[in-house]
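Only this structure's heavy atoms are used, side chains among them; waters, hydrogens and symmetry mates stay out. Counting begins at 1 with the first residue of the sequence. Just so you know, ligand 1 is whichever comes first in the structure, and atom 1 is the first atom listed for that ligand.
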Amino acid sequence: IDIIRRSIQERRFRVWYQPIYCCHDDIFCSAEALLRLNDYEGKPIPPDVFIPLAEETGMIGELTWIVLEEICRLLSSGQVPGLKTVSLNLSMQQLLDPGLADRIQRYLTEYQLSPDCLKVEITERFLLHDVLYAKRQLASLTAIGIQIYMDDFGTGYSNLSSVLDYPFAFIKLDRSLVIHVPEDHRAELMLRTLLTLFHSLGKRVVVEGVESKALADYLKHCGSDMIQGFYYAAPMAKEELIAFFSQKNHPENRKMDA
Ligand code: C2E
Ligand code: MG
Ligand code: MG
């Protein structure tokens, strides 16, 4: 907790980005912003360790604005060829902040960005006592034009009733759901059924944690909208992201890949 507090003051947090591949356009068009922090010996502290602590101590709010500001800087710089959208992870707890939508809108206005270039990812790590209030908050985000992703579908935190309860435009399928695809016939059947279900509900699907070519090819074939995972790229610093998108989205390289 002390490291988190000091690191906010000393601006030691870094924002990395993981490229997301868009199957329909056959191009990398998006990225997820992910926080990074090293301890004072230079050893990385995993987000799964510092994010829950930041949530418990209320520091997650400040961290979110650091990430949003970096995203806005990146998008408004126009330095990343083909990058149309970036997603920001929000804790369910932050949905209790009545000023959330206004504050996000202020950043977008300041950086002259259209709301459709920012996506918000939500996972239900916290049981919300006030579902109606959370719904209103998400509605206020969609009202200003920001689309919402349900993160980590299939992990126990993100479930089917929430798909109906909240206005998600995208569902991100957790890696645990696809880890045995395509070898395991039952896992394959579940994936195809989920894709059909979500598409019928008017949602688009991102599959996370894709580590192999076999799985990426299978996902393209069965109608996944977007793919994210180490097969394509791990999270990376901004400079590497610029180089990655410049190389992968270059028309000559895309022709060669095809
Ligand atoms: P997440 O939002 O589900 O982010 C995806 C996580 O999966 C990232 O872990 C990413 O590095 C990892 N990942 C991506 N592709 C693969 C793959 O092919 N295989 C495997 N095994 N893993 C893959 P990371 O960066 O350690 O973040 C963990 C979690 O911490 C995130 O899960 C998110 O819930 C949280 N987090 C990270 N940054 C933020 C933030 O700025 N705000 C909030 N509220 N939470 C954040
Ligand atoms: Mg996420
Ligand atoms: Mg996720």
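- For the salt bridge (Lys or Arg N to Asp or Glu O under 4.0 Å) condition, the pairs that include at least one residue of residues 179-195, sequence neighbours left out, are Asp184-Arg186, Glu188-Arg192.
- Exactly one residue among Glu32, Glu208, Gln228 makes a side-chain hydrogen bond (donor to acceptor under 3.5 Å, both in side chains) with Gln18. That residue is Gln228.
- Using a 4.0 Å cut-off to heavy atoms of Asp151, the atoms of ligand 1 that qualify are 1 (P), 2 (O), 3 (O).
- Between Tyr149 and Phe170, the two ring planes are parallel [angle under 30°; tilted spans 30° to 60°].
- For the Mg ion (ligand 3), protein N, O or S atoms closer than 2.8 Å were enumerated as Asp151 OD1, Asp152 OD1, Glu208 OE1, Glu208 OE2, with waters left out.
- Taking only nitrogen or oxygen atoms, main chain and side chain alike, Arg36 reaches within less than 3.5 Å of ligand 1.
- Residue Glu211 has at least one N or O atom closer than 3.5 Å to an N or O atom of ligand 1.
- Residues that satisfy the disulfide (SG to SG under 2.5 Å) test with Cys117, not counting sequence neighbours, are absent from this structure.
- Clustering of Ile, Leu, Val, Met, Phe, Trp and Tyr by side-chain heavy atoms under 4.5 Å joins Leu34 with none of the others.
- Around atom 24 (P) of ligand 1, the closest heavy atom drawn from Pro47, Ser87, Gly61 belongs to Pro47.
- One distance of note links CD1 of Ile227 with CG of Leu173; it measures 11.0 Å at 0.5 Å rounding.
- Backbone and side-chain nitrogen or oxygen atoms of Gln94 are examined, and none is located within less than 3.5 angstrom of a nitrogen or oxygen of ligand 1.
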